[in-house]
Each structure stands twice: as C-alpha cells, then as structure tokens.
Amino acid sequence: MDVRQVLKALPHRYPMLLVDRVESLTKGEEIHAVKAVTFNEDFFQGHFPGAPIMPGVLQIEALAQAAAILGIETLELAGSGKLVYFMGIDGAKFRAPVTPGCLLDLKVSFLQKRSRVYKFAGKASVDGKMTCECEFTAMIADPPE
C-alpha cells in the first residue's frame with residue numbers, strides 16, 4: 001500500500017499520520033509498515049533541540065496506526081467510517097533512539113481477537129535494531145456523533 005491507500009484506510013492526517021506505506025499485510029495475522037522519519041516533523045522542534053529524537057509515545061502511535069490498518073483491512077471496513085480506538089498499552093519498552101533520516105519499520109501481529117476488541121504485539125526497529133516494543137489493545141467502533 002502506498003500513502004494514498006494508507007489515507008483511505010486511516011482517518012489520520014498530517015501531522016498525526018505516522019504510517020507512510022505498507023510493505024506487507026497478511027489479513028488476520030500481521031502487517032509490516034514503514035514511517036519515514038524526517039527532520040521536518042513538528043515534534044523535532046522541541047524534542048530535543050540540538051539532539052532530535054522521535055518521542056517513544058509517537059513510536060507506539062505509529063504501531064497502533066499500523067495495527068488499525070491491519071484491523072480495517074482484515075475486517076474489510078475501509079470507507080465504512082469505523083474507527084479503531086486505543087484501549088490500553090502493556091509492557092512498553094524503548095530500546096534505542098529514532099532520529100531524523102531513519103526508516104522506522106513497524107511490525108504488528110494479532111495476539112487475540114474478540115468481537116470488537118483486539119490485542120496486538122508491536123515492534124518498531126531501524127536497520128534491524130529494535131527501538132520500541134509493546135502489546136496494546138484496541139477496539140473497532142463508530143465515530144462519535
């Protein structure tokens with residue numbers, strides 16, 4: 001999936017869109033997506049001036065967006081208006097900094113599926129070196145009125 005297809009699957013837009021493309025997706029199982037981290041990202045202005053590092057919470061958000069694409073594609077909900085809401089994060093660990101110029105690999109797999117609630121395992125890495133890992137829960141729901 002290129003960025004145009006990502007935009008069809010997710011409601012996120014700049015500056016909160018954190019998935020640039022999908023390298024592979026196996027419905028019901030796993031996704032490998034990529035975020036191209038550039039110096040032009042808004043958060044680098046303040047985190048940290050002179051030593052820019054992508055905030056860990058945004059790495060988790062990127063993993064969650066990849067998981068949302070996996071869920072939307074698995075359930076064939078693209079264009080339905082359904083949203084994927086974060087419910088919880090477990091065991092988040094940050095292993096290495098992510099800096100401008102990196103290609104952040106986002107790998108997410110299903111751990112558990114129950115009606116509208118799903119549990120995922122996510123790992124982010126740069127050049128094969130893990131930067132972040134966590135498990136998280138999300139649910140599919142209608143948007144607020």
Quiz item: Quick one: NZ on K123 to CZ on R95, what's the gap to the nearest 0.5 Å?
Solution: 9.5 Å
Quiz prompt | Y14 OH: over 12 foreign heavy atoms closer than 6.0 Å | solution = yes
Quiz item: Heavy-atom distance under 4.5 Å between the side chains of V126 and D105, does that happen here?
Solution: no
Quiz item: So, are E135 and K119 salt-bridged, with charged N and O less than 4.0 Å apart?
Solution: yes
Self-check item: Donor-acceptor contact below 3.5 Å, side chain T74 vs main chain G71
Solution: no
Self-check item: Side-chain heavy atoms of C132 within contact of L63, under 4.5 Å
Solution: yes
Practice problem: Could you state whether V34 and M16 fall into the same hydrophobic cluster, counting links through intermediate Ile, Leu, Val, Met, Phe, Trp or Tyr residues with side-chain heavy atoms under 4.5 angstrom apart? | Solution: no
Practice problem: Locate the shortest heavy-atom distance separating L83 from P11; write the atom from each residue and the value. | Solution: CD2-CG, 3.5 Å
Quiz item: Which atoms form the tightest heavy-atom contact between A64 and F86, and what is the distance?
Solution: CB-CZ, 3.5 Å
Practice problem: Before giving the answer on side chain to side chain contact (heavy atoms under 4.5 Å, CB included), spell out for V57 and F94 the whole-Å C-alpha distance, their side-chain angles and the decisive distance to 0.1 Å. | Solution: CA-CA 10 Å; V57 69; F94 303 99; over 6 Å; no
Quiz item: Got a salt bridge between K129 and D127, using NZ or NE/NH1/NH2 to carboxylate O under 4.0 Å?
Solution: no
Practice problem: For A78 and I72, work out which heavy atoms get closest and say how close. | Solution: N-CG2, 3.4 Å
Self-check item: F43 side chain near I53 side chain, heavy-atom distance below 4.5 Å
Solution: no
Exercise. Taking the side chain as every heavy atom from C-beta outward, state whether H12 and E61 have any pair of such atoms under 4.5 Å apart.
Key: yes
Exercise. Answer yes or no: is there a side-chain heavy-atom contact under 4.5 Å between R21 and V3?
Key: no
Quiz item: Under 3.5 Å, side chain of D42 to main-chain N/O of Q45, donor-acceptor pair present?
Solution: no
Quiz item: What do the steps show when you test M1 against I69 for side chain to side chain contact (heavy atoms under 4.5 Å, CB included), and what is the final call?
Solution: CA-CA 10 Å; M1 295 173 80; I69 294 169; 3.9 Å; yes
Practice problem: Return yes when atom CZ of R13 has more than 12 non-hydrogen atoms of other residues, nucleotides or ligands closer than 6.0 Å, and no otherwise. | Solution: yes
Quiz item: Is atom NZ of K8 surrounded by more than 12 heavy atoms (other residues, nucleotides or ligands) closer than 6.0 Å?
Solution: no
Quiz item: If Ile, Leu, Val, Met, Phe, Trp and Tyr residues are connected whenever their side-chain heavy atoms lie under 4.5 Å apart, and connections chain through other members, are V117 and Y85 in the same group?
Solution: yes
Exercise. Report yes if some heavy atom in the side chain of F136 is under 4.5 Å from a heavy atom in the side chain of V108; otherwise report no.
Key: yes
Self-check item: Approximate separation, where rounding is to 0.5 Å, of Q65 CD and I31 CD1
Solution: 11.0 Å
Quiz item: In the single-linkage hydrophobic clustering (I, L, V, M, F, W, Y; side-chain heavy atoms under 4.5 Å), do I140 and L111 co-cluster?
Solution: no
Quiz item: Do you know the tightest heavy-atom contact between A92 and I60?
Solution: CB-CD1, 3.8 Å
Practice problem: Check the pair V84, M139 against side chain to side chain contact (heavy atoms under 4.5 Å, CB included), reporting the backbone distance first and the verdict last. | Solution: CA-CA 5 Å; V84 180; M139 73 180 246; over 6 Å; no
Self-check item: NZ/NE/NH1/NH2 to OD/OE distance under 4.0 Å, K35 and E41
Solution: yes
Exercise. Mind running side chain to side chain contact (heavy atoms under 4.5 Å, CB included) on D90 and C134 for me, showing each step along the way?
Key: CA-CA 6 Å; D90 296 311; C134 65; over 6 Å; no
Practice problem: Identify the two heavy atoms, one from L58 and one from L18, that lie closest to each other, and give their separation to 0.1 Å. | Solution: O-CD1, 3.5 Å
Self-check item: Closest non-hydrogen atom pair between G128 and S125, with its separation
Solution: C-CB, 4.3 Å
Self-check item: Nearest-0.5 Å distance, CZ of residue F120 to CG of residue L70
Solution: 5.5 Å
Practice problem: Could you tell me whether the side chain of M54 reaches within less than 4.5 Å of the side chain of L104, counting heavy atoms only? | Solution: yes
Quiz item: Do F110 and M87 belong together in a cluster built from hydrophobic side chains that touch within less than 4.5 Å?
Solution: no
Quiz prompt | Residues S109 and E29: side-chain donor-acceptor under 3.5 angstrom | solution = no
Quiz item: Is a donor on one side and an acceptor on the other found under 3.5 Å between the side chain of T131 and the backbone of P97?
Solution: no
Exercise. Verify the cluster assignment for M130 and V37: are they in a single hydrophobic cluster under the rule of side-chain heavy atoms below 4.5 Å apart?
Key: no
